[in-house]
2 protein chains.
Amino acid sequence: MNEKKRIPKSAVSRLSLYLREIQRLEKDGRDRVSSTELGEFTDLTDAQVRKDLSYFGNFGTSGSGYEIATLKASLRKILGKGAMWPIVLVGVGNIGSALLRYPGFKHEGFVIKEAYDVDRNKIGVRYDELVVKDVADINKNEKGKAAKIAIIAVPEKAAQDVADILVKSNVKCILNFAPVVLKVPEGVTVRNIDLSTELENFSFLLSFSK
Amino acid sequence: MNEKKRIPKSAVSRLSLYLREIQRLEKDGRDRVSSTELGEFTDLTDAQVRKDLSYFGNFGTSGSGYEIATLKASLRKILGKGAMWPIVLVGVGNIGSALLRYPGFKHEGFVIKEAYDVDRNKIGVRYDELVVKDVADINKNEKGKAAKIAIIAVPEKAAQDVADILVKSNVKCILNFAPVVLKVPEGVTVRNIDLSTELENFSFLLSFSK
DNA sequence: AATTGTGAAATTGTTCACAGCA
DNA sequence: TGCTGTGAACAATTTCACAATT
């Protein structure tokens with residue numbers, strides 16, 4: 001009922017988990033689920049599940065939990081699933097080309113519509129219907145203005161320049177694989193995927209526990 | 001001075017950022033840095049920087065900031081850098097093979113020492129000194145018992161089984177690329193890298209802001 | 001004069017516990 | 001009776017602000 005409460009920023013990520021689980025349950029033929037059960041699947045408390053869902057609406061029924069079909073539709077709507085989101089990829093190295101080959105995106109509602117690189121050897125290479133273009137041409141590209149989501153998978157030194165170009169071409173969300181803290185203007189969101197940091201968390205833990 | 005205060009779990013990740021930045025500064029020939037400056041580089045407040053560092057020791061000098069050489073040595077020690085950490089990789093698909101080819105790990109103190117897959121076509125394939133082995137042989141492998149860090153890059157359906165095997169073979173830290181919430185016993189740490197969730201955060205933002 | 005280290009305050013996020021509904 | 005939705009309690013994290021230090 002209440003749409004104006006402060007939503008913790010982590011709640012949206014958890015919504016993704018809930019959606020994934022109820023889609024799994026739906027495939028198994030289930031048609032209802034309780035917050036307790038959803039909590040078990042996602043390793044969260046039942047209260048957390050209910051609170052998260054309550055930020056976005058009243059999806060449940062007292063006494064009998066959540067109807068999977070309804071909850072699924074609601075979560076998909078909230079998460080913007082329904083549209084196919086075009087993505088610009090910059091950097092077709094190890095990680096970039098893995099992403100290009102990854103078939104899962106399309107199924108999840110995302111498509112890499114353009115890919116750019118600086119490397120002469122990579123420019124012109126074809127992945128399905130997509131041809132890798134010269135990074136110098138990002139701005140020239142008309143379709144570039146349609147994509148609001150970008151993935152940066154270039155070496156650290158190039159990442160900020162690429163980010164600047166992307167921001168100019170109207171990208172609003174950047175998934176950054178480069179080990180750099182990108183500077184972007186307000187209104188642009190960056191999420192970092194930083195393997196070194198993840199692994200350093202591990203080496204920290206391991207160094208201390210033994 | 002105070003080593004017993006509660007350390008926020010996110011502090012260690014930030015330590016990684018600080019280390020990265022001071023190493024960058026060191027290369028540029030700098031030898032001191034202030035919390036304000038380090039905050040600018042990492043997009044954090046100066047207070048956050050000081051508080052984070054203070055959880056681990058008194059590295060700074062009133063009036064003149066932090067000496068880069070000292071701080072670097074301290075952070076490297078805290079983060080367990082110095083040893084070369086062996087990693088087991090399971091799943092040599094798109095992402096797995098990108099990680100195998102990624103040269104950066106070694107430089108950061110991590111080496112993929114073993115790689116496994118189920119796919120007959122992938123088993124036996126050579127990447128440098130490393131040959132992909134049959135996933136059925138993980139337990140048999142002696143060296144497997146040395147690696148405490150594992151990366152799971154298998155399809156969703158196989159991930160939990162792989163995690164169970166890894167836990168049995170004494171792995172304590174798992175970096176999981178599969179879109180599943182893994183169930184592991186106490187004492188085992190999982191960190192998830194979940195592209196769908198990241199992208200869904202974006203589609204959520206974009207759906208609401210326009 | 002500049003800048004750290006840190007209690008205390010403010011903010012943000014999670015869990016409790018229960019009234020109210022199906 | 002079983003389970004949601006939620007205000008209130010609690011916990012964790014960040015920011016403030018300033019005494020102490022070089």
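Order of the sequence lines fixes the chain letters, A, B, ..., with proteins taken first and strands second; residue numbering starts at 1 for each chain.
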Enquirer: Please list, in numerical order, the residues of residues 22-35 of chain A that have a heavy atom closer than 4.0 Å to any atom of DNA chain D.
Expert: A:S34, A:S35
Enquirer: Report yes or no: does B:R32 contribute a side-chain atom to a donor-acceptor pair with the main-chain N or O of B:S64 at less than 3.5 Å?
Expert: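 Indeed, once roles are kept as given, a pair shorter than 3.5 Å links the two residues.
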Enquirer: Mind checking what makes side-chain contact (heavy atoms from CB on, under 4.5 Å) contact with A:R76, not counting sequence neighbours?
Expert: A:L19, A:Q23, A:K72, A:K81
Enquirer: Does B:D117 reach the main-chain N or O of B:D119 with its side chain, forming a donor-acceptor pair under 3.5 Å?
Expert: yes
Enquirer: Just grab all the salt bridge (charged side-chain N to carboxylate O under 4.0 Å, His left out) pairs involving residues 14-25 of chain B, residues at least two apart or on different chains.
Expert: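 Sorted result for residues 14-25 of chain B: A:E156-B:R24, A:D194-B:R20, B:R14-B:D52, B:E21-B:R24.
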Enquirer: Under the side-chain contact (heavy atoms from CB on, under 4.5 Å) rule, collect the residues that match up with B:P86, sequence neighbours excluded.
Expert: B:K113, B:A147
Enquirer: Round to a whole Å and report the spacing from CG of A:L38 to C1' of D:dG2.
Expert: 17 Å
Enquirer: From the list D:dT6, D:dC3, C:dG5, which nucleotide is the closest neighbour of the side chain of A:S62?
Expert: D:dC3
Enquirer: Output all residues satisfying side-chain hydrogen bond (donor to acceptor under 3.5 Å, both in side chains) with A:T70, sequence neighbours left out; order by chain, then residue number.
Expert: A:E67
Enquirer: Just how far, in rounded Å, is C1' of D:dT22 from CZ of B:F59?
Expert: 19 Å
Enquirer: At what distance, to the nearest 0.5 angstrom, does CG of A:L38 lie from CD of A:Q48?
Expert: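 That separation rounds to 11.5 Å.
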Enquirer: Using the test ring pair (Phe, Tyr, Trp, His ring centres under 6.0 Å), find all partners of A:F105 that sit at least two apart in sequence or belong to another chain.
Expert: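 Checked A:F105 against ring pair (Phe, Tyr, Trp, His ring centres under 6.0 Å); matches are A:Y102.
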Enquirer: Could you work out, with side-chain hydrogen bond (donor to acceptor under 3.5 Å, both in side chains) as the rule, every residue matching A:E40, not counting sequence neighbours?
Expert: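 Partners of A:E40 under the side-chain hydrogen bond (donor to acceptor under 3.5 Å, both in side chains) test: none.
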Enquirer: Can you give one letter per nucleotide of nucleotides 12-17 of chain C, 5' to 3': B if a protein heavy atom sits under 4.0 Å from the base, S if only from the sugar-phosphate, - if neither?
Expert: SSBBBB
Enquirer: Do side-chain atoms of A:E26 reach the backbone of A:A69 as a donor and acceptor pair under 3.5 angstrom?
Expert: no
Enquirer: Would you mind reading off the bend of the helix from C:dA1-D:dT22 to C:dA22-D:dT1 from its two end axes, five pairs each, to 10 degrees?
Expert: 10°
Enquirer: Would you find a donor on one side and an acceptor on the other, under 3.5 Å apart, between the side chain of A:W85 and the backbone of A:G80?
Expert: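 Side chain of A:W85 to backbone of A:G80, a donor-acceptor pair under 3.5 Å: yes, one is there.
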Enquirer: Using a 4.0 Å cut-off on heavy atoms, which residues in residues 63-76 of chain A reach DNA chain D? List them by number, or say none.
Expert: A:G63, A:S64, A:G65, A:Y66
Enquirer: My understanding is that only residues two or more places apart in sequence, or in another chain, count here; which of them pass side-chain hydrogen bond (donor to acceptor under 3.5 Å, both in side chains) with B:S203?
Expert: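 Once residues adjacent in sequence are excluded, B:S203 has no partner under the side-chain hydrogen bond (donor to acceptor under 3.5 Å, both in side chains) criterion.
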Enquirer: Polar-atom pairs under 3.5 Å, protein N or O versus N or O of nucleotides 9-11 of chain D: list them with distances, or write none.
Expert:
none

Enquirer: Under a 3.5 Å cutoff, is there a donor and acceptor pairing between the side chains of B:N201 and A:S16?
Expert: no
